[in-house]
*Asks:* 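Sending over a structure as structure tokens; questions will come in a sec.
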Amino acid sequence: MATGTDTDTLFGREAVSRRSLVATFIAVQVAAFAAAYSYGRPTWYAYFMVGSVAVTAYVLDGSPFTVATATVGSLLVVALGLPLFMFVARQSPSLVAEKALDPGVHRVLYLGVYGPLLAALVSLLLGVPLAHLLAEGFPGQQFVESLVDLPLVVPHSVAGIIILFGFGQGGAFPQISVLGSMVGMVLAMTFVAAPYAVNTTRESFETIDDRLSYASRVHGANQWETFRRVTAPLAVRGMITGGVLAWARAVSEFGAVAVVAYSVQFFYAPAGERVTAQHAPVFVYNTYLQGGLGESGAVAFLLLGVSALIFLVVRYLTDDDSVTGGMP
Amino acid sequence: MDLRADVSATFTADGADAFTVHAGVDVDAGETLVILGPSGSGKTLLLETIAGFHDHDGFVESDGRRLDTVPPEDRDFGFVFQDYALFPHLSVTENVEYGTKYHDETRDAETLLAELGVDHLADRYPPTLSGGEKQRVALARALAVRPSVMLLDEPLAALDVPTRQSLRDDLADVLADVTAVYVTHNRTTARAIADRIAVMRDGQVVQTGTPETVFERPSSPVVAEFTGANAVPLSAVPSLRDAVDGATDEYVAFRPEAVRLDGASGDFEATVERVVREDATNRVVLSLDGRTVDAFADDPPAVGADVWVSVDPGRVHPCSPGTTEE
């Protein structure tokens with residue numbers, strides 16, 4: 001299996017040639033899609049993609065097993081990728097530009113990034129200690145694990161209802177207004193996003209060899225200092241990945257937010273005032289209902305672009321393979 | 001500083017039976033006690049329990065100060081791990097200086113690294129070091145806090161033979177005046193480093209003594225087996241009964257070095273089962289009533305030959321199965 005080294009990958013090519021190979025493959029795919037789309041036959045591209053993957057696998061590896069797995073795998077990639085390509089290709093540049101200049105859309109995009117960011121931060125602030133505890137192990141752990149993972153299997157509209165029962169009118173904290181508030185929105189997002197922050201961070205803690213903590217403790221550092229100087233720095237990539245996943249999950253959240261905080265008031269920093277807006281997926285859905293596919297597609301395109309940009313920036317900033325908490 | 005401990009701790013792991021360590025150590029100031037035992041005998045768990053990494057019953061005491069309720073960071077120990085346990089995100093110097101901010105009396109990292117011959121690596125990071133270099137840095141990290149007791153868990157086990165020999169010599173120098181507990185399964189290392197040896201088996205110490213005592217006079221066949229001595233039932237070698245002066249023990253123990261094979265007569269007759277070339281001589285494995293007896297011979301007899309075996313009577317000692325220290 002691939003181990004992550006440059007020379008021991010499935011196709012056994014050096015890093016530089018592999019990168020140029022990947023770049024060439026992507027360029028060919030884009031050109032093929034553009035040709036098929038402009039000819040009005042995007043289906044041809046689907047066939048081309050499956051066929052080109054099979055041929056590439058055969059040329060690079062030659063093993064029937066690899067060719068078979070690559071070919072079948074490419075079917076899923078087509079199912080996921082083709083709609084995305086079509087989505088991008090079918091946008092009207094003028095409509096996208098119009099939406100990009102619309103102050104109302106700006107507020108939605110701002111909230112679509114800012115709200116999830118708060119949810120990701122809350123998920124990390126509360127999730128990292130829990131993740132550390134889960135990585136260490138404790139009696140009754142399975143019960144807590146199940147509770148943490150519950151939002152992954154609960155329909156999100158149901159999650160919204162649960163939040164309203166728990167924290168809404170007549171709920172546990174009557175002094176906090178949840179329905180239609182920013183607090184409610186962040187709470188709803190945190191409910192569905194926290195499992196990603198907790199589980200990813202926990203996995204990161206679990207890869208750290210116990211003896212690093214032992215070495216820290218026995219040479220004088222207490223538990224806090226050990227966490228600050230050893231465990232947390234070694235798990236920081238996992239925390240950031242968990243935060244990004246939680247953020248991404250919150251960005252895409254529709255059901256729970258639609259139920260709890262359909263429309264919220266928040267401080268809009270660019271204008272320096274409080275404004276009202278909807279979370280982006282809710283806004284996209286509303287635009288679809290009121291303005292049709294074209295208008296909602298343009299807004300969705302902008303949201304997709306902003307999300308992809310933030311995701312890539314964070315991945316770039318955290319791309320560091322030099323730390324090995326698993327020793328030696 | 002001395003160290004006395006008598007601890008009992010039970011460990012469980014998924015898919016494995018619970019394992020209990022119930023053992024004690026008694027180390028005088030400046031002494032190196034080697035805990036010698038096969039893999040799985042519990043010696044690492046004993047060391048980690050003494051260090052405070054695991055909950056336990058019993059006591060740990062250093063210079064009369066009870067430590068069993070004291071967290072690891074306040075026990076004033078230094079620890080060297082088999083797999084180094086260097087902090088991968090810190091440079092060599094930062095690793096060595098790691099514990100110094102928590103201690104009043106410390107040693108200079110630069111000087112320590114120079115003494116251990118790795119000062120040229122000061123700015124490097126652990127993932128870029130060889131095994132021997134890592135272990136020298138780990139040793140420097142433990143020494144930097146001037147610990148009252150050094151605990152070393154098979155520090156040479158993961159190293160190649162030349163590196164191991166070189167570091168073993170350095171370790172012997174470093175530990176000369178330090179109170180230390182050194183865990184190993186390697187009897188050559190144990191003999192080279194120990195002031196006293198405690199042999200461990202199944203979570204218990206089965207014999208403690210000087211290297212000469214443990215290797216020459218194993219208290220039981222189990223200890224004999226692990227220290228490389230022969231342990232033979234007296235019923236199989238009745239001619240050696242006089243050598244142990246009528247002792248009532250069921251076994252006699254003697255080292256392969258005490259065995260001679262070149263006589264026309266001897267204490268008993270055995271068949272040469274195998275001859276293994278070792279560093280400076282040959283190890284001859286003899287078969288005696290279905291048991292094996294080891295001997296050394298520069299000029300070994302042929303495999304399959306029946307030979308007379310003589311044992312130096314001054315080096316034959318009684319031993320009993322099931323002997324365990326309290």
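Throughout, a chain's letter reflects where its sequence line sits, starting with A, and its residues are numbered from 1.
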*Asks:* Counting only heavy atoms from other residues, nucleotides and ligands, does the tally under 6.0 Å from CD of A:Q141 exceed 12?
*Replies:*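 More than 12 heavy atoms, drawn from other residues, nucleotides or ligands, come within 6.0 Å of this atom.
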*Asks:* Quick one: are B:P88 and A:L234 in side-chain contact, heavy atoms under 4.5 Å?
*Replies:*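 Yes, close enough: below the 4.5 Å cut-off.
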*Asks:* Heavy-atom distances under 4.5 Å only: say whether B:A138 touches chain A with side chain, backbone, both or neither.
*Replies:*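 Contact with chain A involves no heavy atom of B:A138 at all.
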*Asks:* Any chance CZ of B:F19 has more than 12 other-residue heavy atoms, nucleotides or ligands included, within less than 6.0 Å?
*Replies:*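 Count over threshold, so yes.
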*Asks:* Report the option among B:E73, B:R75, B:E48, B:H103 that has the most heavy-atom pairs separated by less than 4.5 Å from atoms of chain A.
*Replies:*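 Heavy-atom pairs under 4.5 Å are most numerous for B:E73.
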*Asks:* Quick one: closest heavy-atom pair of B:L86 and A:L212, and the distance?
*Replies:*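 B:L86 and A:L212 have their closest heavy atoms at O-CD2, 3.2 Å.
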*Asks:* Go through B:H54 and A:Y214 one step at a time and tell me if the side-chain contact (heavy atoms from CB on, under 4.5 Å) criterion holds.
*Replies:* CA-CA 10 Å; B:H54 308 297; A:Y214 292 168; 3.3 Å; yes
*Asks:* Measuring heavy-atom distances to chain A, does B:F81 have an atom under 4.5 Å in its side chain, in its backbone, in both, or in neither?
*Replies:*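 The answer is the side chain of B:F81.
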*Asks:* Does A:H219 use its side chain to pair, donor to acceptor, with the backbone of B:V96 at less than 3.5 Å?
*Replies:*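 Pair absent, no side-chain N/O of A:H219 close to backbone of B:V96.
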*Asks:* Less than 4.5 Å to any heavy atom of chain B: does that hold for the side chain of A:S213, its backbone, both, or neither?
*Replies:*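 No part of it gets close to chain B.
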*Asks:* Do you know the tightest heavy-atom contact between B:A85 and A:A215?
*Replies:*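 Distance-wise, the nearest heavy atoms are O-CB, 3.8 Å.
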*Asks:* Taking all non-hydrogen atoms of both residues into account, name the closest pair between B:Y102 and A:G220 and its distance.
*Replies:*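 Looking at all heavy atoms of both residues, the shortest contact is CG-O, 3.3 Å.
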*Asks:* Can you confirm whether more than 12 heavy atoms, excluding those of B:D173, are under 6.0 Å from its CG atom?
*Replies:*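 Above 12, so yes.
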*Asks:* Taking atom CZ of A:F138 as the centre, report whether more than 12 heavy atoms of other residues, nucleotides or ligands fall under 6.0 Å from it.
*Replies:*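 Above 12, so yes.
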*Asks:* Is it true that, when you exclude B:D28 itself, more than 12 heavy atoms of the residues, nucleotides or ligands shown sit nearer than 6.0 Å to its CG?
*Replies:*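 Yes - once you tally the heavy atoms of other residues, nucleotides and ligands closer than 6.0 Å, there are more than 12.
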*Asks:* What heavy-atom pair brings A:T226 and B:Y98 nearest, and what distance separates the two atoms?
*Replies:*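 Reported closest heavy-atom pair: CA-OH, 4.2 Å.
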*Asks:* Counting only non-hydrogen atoms closer than 4.5 Å, does A:E225 touch chain B with its backbone (N, CA, C, O), its side chain (CB onward), both, or neither?
*Replies:*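 Looking at A:E225, backbone and side chain both touch chain B.
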*Asks:* Out of B:G131, B:A142, B:A158, which one racks up the most heavy-atom pairs below 4.5 Å with chain A?
*Replies:*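 Sorted descending by pairs with chain A, the first entry is B:A142.
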